[in-house]
Amino acid sequence: MNLYIDEVGEFALNFVIEIPDRKISVKNIPINASDGEEYPKLKIEHVTTPNPDCKLIYVGTGLEDILILKDVASWRNNGDNWMVEIDIGIKLVFQQEEFLIVAQDSLAGFLKLFKLNKMTSVKEILEDYWSMKTDKVDSLIRDEKKI
């Protein structure tokens with residue numbers, strides 16, 4: 001399995017996951033919600049070749065799992081109740097390593113890659129994920145779904 005990145009500084013516009021029988025592109029295409037705010041939306045599609053701007057950043061074997069991280073968050077703002085359900089990231093689990101691709105809350109649709117280890121957990125990385133929308137999340141349910 002190969003992992004490619006289309007970098008923009010510390011962020012990315014696109015990741016391509018290449019496995020023997022296919023290439024999958026991961027993008028963050030923000031959408032407008034009913035509250036007038038934009039939220040990240042992961043778009044996963046098959047591609048024939050990685051974008052020429054993509055560079056190879058990881059070559060590995062033993063892909064064990066691909067998981068989608070989904071959040072259901074709710075909060076109050078100016079007397080209104082808000083609830084949002086979105087896919088916020090993709091976790092790639094190998095025999096020796098784990099990576100987390102996080103959809104950033106940005107108009108540009110940035111993604112960010114994290115290498116997970118015993119010192120850096122998913123919970124720590126995503127601790128302030130909702131800080132762009134609210135100071136206090138009333139309820140947060142985070143789920144990982146295997147694909």
Side-chain angles (χ1 to χ4, degrees), residues 1-35 37-75 82-147:
M1 195 231 56
N2 297 327
L3 183 61
Y4 297 86
I5 185 173
D6 183 358
E7 283 183 311
V8 180
E10 67 179 274
F11 297 103
L13 294 174
N14 181 30
F15 284 92
V16 175
I17 302 165
E18 180 181 49
I19 53 179
D21 62 339
R22 70 186 68 163
K23 294 173 187 72
I24 301 165
S25 169
V26 178
K27 295 179 183 177
N28 174 12
I29 309 295
I31 59 165
N32 281 319
S34 61
D35 63 0
E37 293 282 329
E38 287 197 347
Y39 292 91
K41 179 168 176 58
L42 292 174
K43 183 176 181 182
I44 300 169
E45 60 189 3
H46 291 278
V47 294
T48 53
T49 58
N51 178 321
D53 295 329
C54 288
K55 71 176 186 179
L56 181 64
I57 58 167
Y58 180 77
V59 176
T61 59
L63 180 63
E64 294 180 348
D65 280 320
I66 298 177
L67 303 136
I68 301 287
L69 278 71
K70 178 183 288 291
D71 273 7
V72 179
S74 64
W75 64 90
W82 301 106
M83 188 187 89
V84 177
E85 182 176 341
I86 62 169
D87 297 333
I88 62 167
I90 295 176
K91 189 164 133 183
L92 304 171
V93 180
F94 295 91
Q95 289 174 346
Q96 301 296 322
E97 298 184 89
E98 292 184 12
F99 294 95
L100 178 63
I101 300 170
V102 177
Q104 299 293 299
D105 189 359
S106 70
L107 295 174
F110 290 135
L111 298 160
K112 190 162 186 178
L113 179 70
F114 296 91
K115 186 174 180 181
L116 301 173
N117 57 46
K118 291 179 182 172
M119 303 302 286
T120 308
S121 69
V122 170
K123 184 177 179 177
E124 284 179 72
I125 292 168
L126 299 175
E127 186 174 10
D128 295 327
Y129 188 82
W130 290 99
S131 65
M132 295 285 288
K133 300 295 182 200
T134 182
D135 293 333
K136 182 180 181 291
V137 174
D138 295 327
S139 170
L140 176 62
I141 301 168
R142 181 164 289 143
D143 192 25
E144 293 183 359
K145 300 224 186 243
K146 188 185 268 194
I147 59 171

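Since we're looking at a predicted model, the values are computed, not measured.
- Scanning both residues, Ala12 and Ile5, for their nearest heavy atoms gives CB-CG1, 3.5 Å.
- Under a 3.5 Å cut-off, the side chain of Asn117 and the backbone N or O of Thr120 do form a donor-acceptor pair.
- Residue Leu42 holds its CG atom at 6.0 Å from CD1 of Ile44, rounded to the nearest 0.5 Å.
- Annotation: side chain to side chain contact (heavy atoms under 4.5 Å, CB included) contacts of Asp135 (sequence neighbours excluded): none.
- By the 4.5 Å heavy-atom criterion applied to side chains, Leu92 and Asp65 are not counted as neighbours.
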Might you work through the side-chain contact (heavy atoms from CB on, under 4.5 Å) test for Val84 and Asp71, ending with a clear yes or no?
-> CA-CA 8 Å; Val84 177; Asp71 273 7; over 6 Å; no
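- Leu116 places none of its side-chain heavy atoms less than 4.5 Å from the side chain of Ser121.
- A distance-only check finds a donor-acceptor pair linking the side chain of Ser106 to the backbone of Gly109 [under 3.5 Å].
- Applying the side-chain hydrogen bond (donor to acceptor under 3.5 Å, both in side chains) rule to Glu38 yields no partners; only residues at least two apart in sequence or on another chain are considered.
- With sequence neighbours left out, Lys41 forms a salt bridge (Lys or Arg N to Asp or Glu O under 4.0 Å) with no residue at all.
- Counting only residues at least two apart or in different chains, ring pair (Phe, Tyr, Trp, His ring centres under 6.0 Å) contacts with residues 110-138 comprise Phe11-Phe110, Trp75-Trp130.
- Taking the ring pair (Phe, Tyr, Trp, His ring centres under 6.0 Å) definition, one finds that Tyr58 meets it with Phe94, Phe99, sequence neighbours left out.
- The closest side-chain heavy-atom distance from Ile86 to Pro40 is below 4.5 Å.
- Within 6.0 Å of atom CE in Met132, 12 or fewer heavy atoms from other residues, nucleotides or ligands are found, so the atom counts as exposed in its surroundings.
- Within the 4.5 Å cutoff, the side chain of Lys91 has heavy atoms near those of the Leu69 side chain.
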Could you walk me through whether Thr48 and Lys23 pass side-chain contact (heavy atoms from CB on, under 4.5 Å), step by step?
-> CA-CA 6 Å; Thr48 53; Lys23 294 173 187 72; over 6 Å; no
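- A distance of 10.5 Å separates CD1 in Ile125 from CD1 in Ile88, rounded to the nearest 0.5 Å.
- In this structure, the salt bridge (Lys or Arg N to Asp or Glu O under 4.0 Å) partners of Glu45, at least two apart in sequence or on a different chain, are Lys27, Lys43.
- Qualifying salt bridge (Lys or Arg N to Asp or Glu O under 4.0 Å) partners for Lys123, counting only residues two or more places apart in sequence or in other chains: none.
- Here the side chains of Leu3 and Val16 are not in contact, with every heavy-atom distance at 4.5 Å or above.
- Leu140 approaches Ala73 most closely through the heavy-atom pair CD1-CB, 4.0 Å.
- Considering every non-hydrogen atom in both Val137 and Ser139, the closest pair reads CG1-O, 3.1 Å.
- In this structure, Ile57 and Lys55 have side chains that are in contact, with non-hydrogen atoms separated by less than 4.5 Å.
- Using a 4.5 Å heavy-atom cutoff, the side chains of Gln104 and Leu111 are not in contact.
- Counting heavy atoms from C-beta on, the side chains of Glu37 and Trp82 never come closer than 4.5 Å.
- Distance check: Leu100 CG to Leu126 CG gives 5.5 Å after rounding to the nearest 0.5 Å.
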Evaluate the criterion side-chain contact (heavy atoms from CB on, under 4.5 Å) for residue pair Leu67 and Ile90; output intermediate values, then yes/no.
-> CA-CA 6 Å; Leu67 303 136; Ile90 295 176; over 6 Å; no
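- By the side chain to side chain contact (heavy atoms under 4.5 Å, CB included) test, Glu85 pairs with Lys70, Val72, sequence neighbours left out.
- With sequence neighbours left out, the side chain to side chain contact (heavy atoms under 4.5 Å, CB included) criterion links Lys136 to Asp138.
- Note that OG1 of Thr61 is 10.0 Å distant from CE of Met1, once rounded to the nearest 0.5 Å.
- Every side-chain hydrogen bond (donor to acceptor under 3.5 Å, both in side chains) that Glu10 has, sequence neighbours left out, goes to Lys112.
- In terms of the side chain to side chain contact (heavy atoms under 4.5 Å, CB included) criterion, residue partners of Ile147 (sequence neighbours excluded) are, by chain and number, Ile66, Ile68.
- Taking the side-chain hydrogen bond (donor to acceptor under 3.5 Å, both in side chains) definition, one finds that Asn2 meets it with Glu18, sequence neighbours left out.
- Gln95 contributes atom CD, which lies 9.5 Å from atom CG of Leu63 (distance to the nearest 0.5 angstrom).
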